[in-house]
Amino acid sequence: MRIVNLNPDSDIGASAWFVELDNFRLLMDAGMHPKRDGRAALPLYSEVEREDVDAIAISHCHHDHVGSVPVAMRHFPKAHVLMTDLSHCLLGRVLHNSVNVMLRQREEHGINDYPLFTHDQVEENEVQFQGFKCNRPIEWGALQKARAGLRSPDLEFFDAGHALGSAGILVRGKSQTLFYTGDVCFHDQTLQRAARFCDVQADVLIMETTRGDRLPPPGFTREGEIDRLTEAIQRVLARGGCVLMPAFALGRTQEILALLALLMEAGRIPRQPVHIGGLGRVFTEIYDQKAHLANRWHTDLKLTRDLQLVVLERDQLHSMKLTGGRLFVLTAGMLTECTPAHDLALRMIGDERQAIFFVGYADPATPGGRLKASKPGETFVFSAAGGEVTRRCETDDFDLTAHASREALLDFVGKVSPRTVLLGHGGPAARQWFEEQIRDRYPKMKIIQPAPGLSVEV
Ligand SMILES: [Zn+2]
Ligand SMILES: [Zn+2]
């Protein structure tokens with residue numbers, strides 16, 4: 001088996017893995033780097049340019065895993081794109097939104113590479129998207145190979161518990177198997193139930209390492225964190241301030257909305273409208289529609305019915321009064337520029353009644369990361385568009401992660417019992433922690449941290 005890590009960065013970056021097994025070639029994920037612009041955000045497709053890729057398999061619909069699907073399809077026009085049924089409901093919407101974002105960035109930041117693909121292209125691509133049920137082997141080889149009597153390795157999706165439609169991918173060859181975790185969560189969230197990777201075993205494991213550098217504080221529990229967030233929201237509303245919770249449109253937004261709905265239901269926070277963004281609304285509707293098909297809790301909770309959701313247009317953000325205790329759940333999670341959350345945060349930062357509560361990861365090099373790191377009264381550069389600000393608002397950080405803890409992942413490695421582990425989707429310190437721990441606990445396993453573009457034979 002040959003594997004090439006196509007992530008252009010040694011950080012979380014853009015997920016894309018090329019795999020060759022039994023003479024079949026597969027691309028797993030085709031992401032886009034969230035912190036890079038233009039072509040530099042793409043996976044290193046040039047490294048596998050001459051390869052005849054038979055199929056593209058997608059783990060889930062977050063931008064860092066699917067943002068460059070149309071570009072990958074230009075490189076590998078024959079390849080069908082395989083995903084779970086639930087991801088199939090999302091992927092087109094995600095990619096059309098990417099086109100809109102790129103067009104806006106071209107206009108506002110002069111990034112001339114953009115858009116890297118068009119709405120028309122996404123529409124053409126969609127014909128080749130295929131949704132499958134989890135826990136069922138899929139045949140995916142090209143037709144001409146089947147005619148020649150060649151049988152592709154089976155491919156199978158396993159629910160990854162990370163966001164709607166997320167899956168780990170098992171590839172079962174004649175004599176070797178590969179398992180790719182994608183982004184995985186081994187604990188229950190408010191809506192999403194924990195991953196169901198069953199008793200999957202594989203010779204080779206490609207694993208995400210997002211939380212490898214996160215040591216949970218002593219006594220930490222998710223329930224405790226939710227209580228802390230609830231009390232913080234109560235406090236801000238009582239003083240007439242507003243709460244902004246920056247959140248990614250797919251997954252995080254619905255988790256937070258569900259939490260707010262349950263808190264209102266229980267009378268812990270007052271019933272009131274929740275302001276969200278247009279894209280958040282689109283994915284929230286899909287969450288509601290697919291509630292009974294998803295591996296989730298509260299299937300009878302319909303967010304669009306049980307909450308008063310108010311969709312905010314970007315121009316409203318500049319004039320809306322920030323009094324009387326409003327709730328905002330807006331993209332982007334890291335307050336990146338040209339987003340509603342960025343613009344609203346900019347209005348709130350200097351006002352001590354307001355609160356910005358982070359409920360997900362914010363990279364230190366983003367406006368969200370800089371705000372998170374700031375001290376009360378500190379002046380710092382928030383963003384190029386926002387310039388210098390003095391922080392007077394309340395900020396706090398709540399750990400409601402959709403990624404497995406490092407201990408849970410380490411146990412999982414033992415269960416899969418692979419010969420070789422490839423570490424990806426994490427910063428250098430995170431991967432290093434896993435390398436050391438795996439070496440300690442499972443000394444026979446070979447551990448590889450494949451550098452960008454490096455081809456490894458396993
Ligand atoms: Zn993800
Ligand atoms: Zn990811």
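Just so you know, ligand 1 is whichever comes first in the structure, and atom 1 is the first atom listed for that ligand. Predicted, not measured: the structure shown is a model, and the values here were computed from it.
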Next on the checklist: I'd like to check the side chain to side chain donor-acceptor pair (under 3.5 Å) partners of Arg439; sequence neighbours left out, ordered by chain and number.
Outcome noted: Glu435
Checklist entry - In terms of the angle between their ring planes, are Phe186 and Phe412 parallel, tilted or perpendicular, with boundaries placed at 30° and 60°? => result tilted
Checklist entry - For the residue pair His65 and His425, does the interplanar ring angle fall in the parallel (under 30°), tilted (30 to 60°) or perpendicular (over 60°) class? => result parallel
Checklist entry - If you draw a 6.0 Å radius around NZ in Lys290, do more than 12 non-hydrogen atoms from other residues or ligands fall strictly inside? => result no
Item to check | His162 atom (N/O/S) at minimal separation from the Zn ion (ligand 1) | outcome: NE2
Checklist entry - Is the Phe132 to His88 ring centre distance short of 6.0 Å? => result no
Checklist entry - So which protein N/O/S atoms does the Zn ion (ligand 2) have within less than 2.8 Å? => result Asp64 OD2, His65 NE2, Asp183 OD2, His425 NE2
Checklist entry - Any sub-3.5 Å donor-acceptor pair from Asp203's side-chain atoms to Thr177's backbone N or O? => result yes
